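Since the structure comes first, as structure tokens, the remarks are kept for the end.
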Number of protein chains: 2
Amino acid sequence: MKSGPTIQDIAASAGVSKSTVSLVLQESPRIKAETAEKVREAARSLGYVYNRGAAALRGRRSTTIGMVINDLTNPFFVELLVAIERVLAHAGYTTLMAHTAESVATQTRVLRSMREQNVAGLIMSPALGTDDELPGEIQSWGIPLVLVMRPMGVDVDTVGVDNGYGFALATQHLIEQGHTRIAFAGNRKGYAVANQRREGFVSAMAKHELPVADEWIIDVELTPEGGRKAVRSIFEMKPRPTAVVCYNDQVAIGVLHELDRMGKRAGKALAVVGCDNVVAAEHTNPPLTTLSAGADKLGTIASETLLARLSETADDEKPTVQYFAVPVLVVRESSVGGGSHHASATSKARRGYERTEGN
Amino acid sequence: MKSGPTIQDIAASAGVSKSTVSLVLQESPRIKAETAEKVREAARSLGYVYNRGAAALRGRRSTTIGMVINDLTNPFFVELLVAIERVLAHAGYTTLMAHTAESVATQTRVLRSMREQNVAGLIMSPALGTDDELPGEIQSWGIPLVLVMRPMGVDVDTVGVDNGYGFALATQHLIEQGHTRIAFAGNRKGYAVANQRREGFVSAMAKHELPVADEWIIDVELTPEGGRKAVRSIFEMKPRPTAVVCYNDQVAIGVLHELDRMGKRAGKALAVVGCDNVVAAEHTNPPLTTLSAGADKLGTIASETLLARLSETADDEKPTVQYFAVPVLVVRESSVGGGSHHASATSKARRGYERTEGN
DNA sequence: CTGAAAGCGCTTACAG
DNA sequence: CTGAAAGCGCTTACAG
């Protein structure tokens, strides 16, 4: 903790008061250009480093923003984090990062720490099981909050995805491929986002008057391992579903993998759709059909929502932002080429997949 | 920026001085238990939040640590970040996160920002092309620095991997599978880590008196896209390599994917080895053989190295840490089952891979 | 065992 | 256009 020169040192070196130095550093137009240049020169030659902590203490404002993420093992949240950090850095803010790994206890600890660090605002993707009162409590601390991906009511700025629409779209796509028995993998009980996604799936099935057996709604962990379990369940069902809509790409990757282990291929033996369009979905074998809402876009909007909040004054307060991106379906090989008997001929032709070497 | 109660308010409420409050908050044994309890009760009922910024300013120490990462699109670095954040949080530090995306300019900006934020220490995985003088410069700021994954000389604490050993090990494994023509994908010019990895590969080939054609050392981006290009190159070579050692898992995933597109299977048509053992390597199709040094372990050691530096006093200064983990090879299907003609029979038997459904 | 005082490095009215 | 003064919320010798 060696401490370098302060504005006092610059003031002495430039022959002005520290008030003047402070104003120059803030690029105030009140200081004569000539004086300003003299001060800047002194700062440069002394190797001065601005102390944001001191400025925040005195000026009662902060330039750090807390980012609380529930699951960094999911690349989607990493993409979101990267986008947010980029936008905030560009706006002159530094990002305090914390990972909760879905632990509410860790989240509580982390939020206290961020409050002590005096963050100007918070972007949070809450851990599963977070108390509904938490957003209100955070706001009562006077810290603007933007929730990402996991909505918790209309009283807090929220940026997420229209999950119901997306999962209906995904299901519709599978129905168009000729599938009539479709499973949903990743139904976690009491978890709002899983409910939305399941409802989207169920509504599309209902719209086409297709029944949904209870066992087709599969409750597994939202990980590749969960996806693997789902596949094993599906292949024990009689008659078994010929397609599966997965909670997210992590689950879908597990599904693709378990199929491969069984010597089967996604798209042929079982049509598979994921959600998030993580970068890796393009390079899975076979490539994964998935819903895309754009992590980069969502992160940008979340950041901008928070930045807008930070720059608004008490009397021009804007209404709460509730932004839900409309996903698109990116169709790749994992969902085409199989399907019911009468559909398989056409979809096989579409597949564009050829083995040029036997095995 | 609404400001809550301060130690002054607690002092008034508890009927003591703010010195006493401060000492109680620091759990000083100098304060009588009875008084301390009274103070804590007052703090609780006022909803007091400790102001770390003010404490850092006055006490000349800080509890934030900066983490500068070159590439978060690579899951390995995410695993590293998560481990580091966990250990630091446990030790009472908050992590300031910044992503440079391999841009030296961004890195410069980010380091200035972290210095202004008065970080107690820095953990950095430098961007490609970082000037050799940078670590020395950072240390001259009085900020302890730990370099991860990318060594830049012996004068700075460094935690990384013994790449030469690892890549020799990977190459040795392929030779044992009967391969004699082996390619190396991901040789970036002028990049120290790529040089180490290539040298490991070359040395193992030399040890077995196997020639290495120039064209087998393939210079591609260190991404899945680079891996795909490498495969296309390999299949144009005559005679072509039957195995490839990849710079990392990202490249290897691209290799697996391009092979699949060509209707070929890794392990049969081309043996593939990666490096990093990212979580996803377990779920690729086929599963990826890869070098593992343990992101979690490396992150833990890097954090502990920094924490040790932070707690040492001027006169018990320890020598520079140069820790290079010895990787192990995790053998999965991508590297077994193919190979030269006389080896293929045995390795096929070892493979444990069966297609139960034709395609 | 506790309190009064000085001060960390800044910013911001206010005065001139 | 510039400076003197007060103060942000803490900590830390020092005195008693």
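Bear in mind that the values here come from a model prediction, so they are computed numbers and not experimental data. All values below were derived from every heavy atom in this structure, side-chain atoms included, with hydrogens, water molecules and symmetry-related copies excluded.
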For B:Ile10 and D:dC10, what is the distance between atoms CD1 and P respectively, to the nearest whole Å? 7 Å
Whole angstrom value for the distance that separates C1' of C:dG7 from CD1 of B:Ile7: 13 Å
Are B:Leu81 and B:Met67 packed together at the side-chain level, in the sense that at least one heavy-atom pair is separated by less than 4.5 angstrom? yes
Relative to the 5' end of DNA chain C, which residue comes earlier, B:Leu57 or B:Thr20, by the nucleotide with the nearest heavy atom? B:Thr20
A:Arg30 CZ - C:dG16 P separation (whole Å): 16 Å
Flag side-chain contact, heavy atom, 4.5 Å: A:Thr158 against A:Val156: yes
Taken to the nearest whole Å, CG/A:Leu23 to P/D:dT2 is 10 Å
For a quick check of understanding: with a heavy-atom distance under 4.0 Å over all strands, which category does B:Val39 fall into, base, sugar-phosphate or nothing? nothing
Return no unless some side-chain N or O of B:Arg61 is found under 4.0 Å from OP1 or OP2 of D:dT12. yes
Could you tell me whether A:Arg150 and A:Glu102 make a salt bridge, using a distance below 4.0 angstrom between a side-chain N and a carboxylate O? yes
B:Gln26 vs D:dC10: side-chain N/O to OP1/OP2 distance below 4.0 Å: no
Less than 4.0 angstrom from a charged side-chain N to a carboxylate O is my criterion; do B:Glu41 and B:Lys38 meet it? no
Are B:Ser19 and C:dG3 close enough that a side-chain N or O sits under 4.0 Å from OP1 or OP2? no
Can you work out whether A:Arg58 or B:Ala36 has the more 5'-proximal nearest nucleotide on DNA chain C? B:Ala36
Within the 4.0 Å heavy-atom criterion, would you say B:Gln8 contacts the bases, only the backbone, or no part of the nucleic acid? nothing
Re C:dA13: Watson-Crick or G-U wobble partner, both distances kept under 3.5 Å, found to be none
Test item: side-chain donor near acceptor, A:Ser17 and A:Thr20, under 3.5 Å: yes
Starting at CG of A:Leu46 and ending at C1' of C:dG9, how long is that distance when rounded to a whole Å? 15 Å
Without decimals, in angstroms, what is the distance between A:Asn118 CG and D:dG9 C1'? 11 Å
Per B:Lys32 side chain, nearest of listed nucleotides D:dG9, C:dC1, D:dT2: C:dC1
Report which part of the nucleic acid B:Thr6 touches: base, sugar-phosphate, or nothing (heavy-atom distance under 4.0 Å, all strands). sugar-phosphate
For A:Lys18 and D:dA5, what is the distance between atoms NZ and P respectively, to the nearest whole Å? 11 Å
Nucleotide D:dC10, atom P - distance to OH of B:Tyr50 in whole Å: 8 Å
Using only side-chain N and O atoms of A:Ser22, determine if any of them is under 4.0 Å from OP1 or OP2 of C:dT11. yes
For a quick check of understanding: with a heavy-atom distance under 4.0 Å over all strands, which category does A:Val49 fall into, base, sugar-phosphate or nothing? sugar-phosphate
